[in-house]
Amino acid sequence: MEKGLFHDLYKRLEELDVRSYPPGQLSGLLHGYLTVYSMVRVYPWLENDFGTPGDIHERAKSIVHLFPRQLRNEDVPVDTRAGYAADMMDVYQVYSDLGYLKNGLDAAYRILAARGNGKIALPCRTPNVCRLLCNCYYFVGDEECGELTGRLVTEVLRYTRGGNREMLLSWWDAICLYDDVVGAMELPLEEHVRFEEERVRLVVTVRQEEDEIVKRFLQLRENDFDVTIKVFNILAKREFAACNERYTG
């Protein structure tokens, strides 16, 4: 059922005019496309279902091209701008256009050093800021960003241990990014092993919450745009994981 739903959503979203929606609503769609792009690059025979990597990347670029003007607008909330900057660096990782990386990094350090004293500081404690810090660590080797991310993720995990499933789901991608990008390099071995164990334990909760979102989506008579994009992103990641399992054993 999920496979059919994902293919249906993909075809429907191909017809979407992204300019009809505020840029802040499009990050989930962008990451869904980046997942499909990576999947087709690894398994090129899937082009028959999803189009060529070039076709998919053009759709992603049509979204990310909306971001530079937003990044220069200080009336846009700082968390939203942090998301735009992180998204631009994410696009660079699948399509090596240095312009995306440079613009993303320039915006990132404007946001992180907004106090004007030359020091990096957290403008807010959100998943977007966590992603931004992770990307600065990954692309620049900024250890201060790595340390700040570690503190932020530790705080979040304390709250999610209390059973806050909604908060866990909103942070999940950022938590995984921290573990993959920063944790393996910065954490002592014992701490990293504990973090990995906690991540594995939380996977079950995340899966249950995602299942609930997909179930509610199927029950809606009129599809809410934000929910549609959230489901598309969830199913894109699941489809890629299923392909990895199917074709690599």
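All residue numbers in this chain count up from 1 along the given sequence.
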Any residue meeting side-chain contact (heavy atoms from CB on, under 4.5 Å) with [X], in chain and number order, not counting sequence neighbours:
X    : result
P123 : V78, I111, L112, V129
D106 : K102, R110
R125 : L122, L152, E155
T52  : E47, D55

For [X], all residues meeting salt bridge (charged side-chain N to carboxylate O under 4.0 Å, His left out), sequence neighbours excluded:
X   : result
R72 : none
D49 : none
D90 : R131
K11 : none

Can we say [X] and [Y] salt-bridge, meaning some charged N sits less than 4.0 Å from an Asp/Glu carboxylate O?
X    : Y    : result
R207 : D211 : yes
R12  : D8   : yes
K61  : E58  : yes

* Over 12 non-hydrogen atoms of neighbours within 6.0 angstrom of CD in E143 ->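 Check fails, neighbour count at 12 or below.
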* Residue pairs involving residues 14-31 (criterion salt bridge (Lys or Arg N to Asp or Glu O under 4.0 Å); sequence neighbours excluded) ->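 Only E14-R59, D17-R19 qualify under salt bridge (Lys or Arg N to Asp or Glu O under 4.0 Å).
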With the side chain counted from C-beta on, respond yes when [X] and [Y] share a heavy-atom pair under 4.5 Å apart, and no when they do not.
X    : Y    : result
V206 : E210 : yes
Y84  : V76  : yes
Y109 : C145 : yes
V203 : W172 : yes
D180 : R199 : yes

* Asked: Which residue pairs pass the ring pair (Phe, Tyr, Trp, His ring centres under 6.0 Å) test when at least one of the two sits in residues 14-38, sequence neighbours left out?
  ->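 Output for this query lists Y21-F225, Y33-F232, Y37-H57.
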* To do: Tell me, please, which residues at least two apart from T126 pass side chain to side chain donor-acceptor pair (under 3.5 Å).
  =>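 Here the qualifying residues are D79.
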* Asked: Mind checking what makes side chain to side chain donor-acceptor pair (under 3.5 Å) contact with Q70, not counting sequence neighbours?
  ->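 With sequence neighbours excluded, Q70 shows a side chain to side chain donor-acceptor pair (under 3.5 Å) to no residue whatsoever.
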* To do: Provide the closest heavy-atom pair for Y137 versus V181 in the form atom of the first, atom of the second, distance.
  =>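 Distance-wise, the nearest heavy atoms are CE2-O, 3.4 Å.
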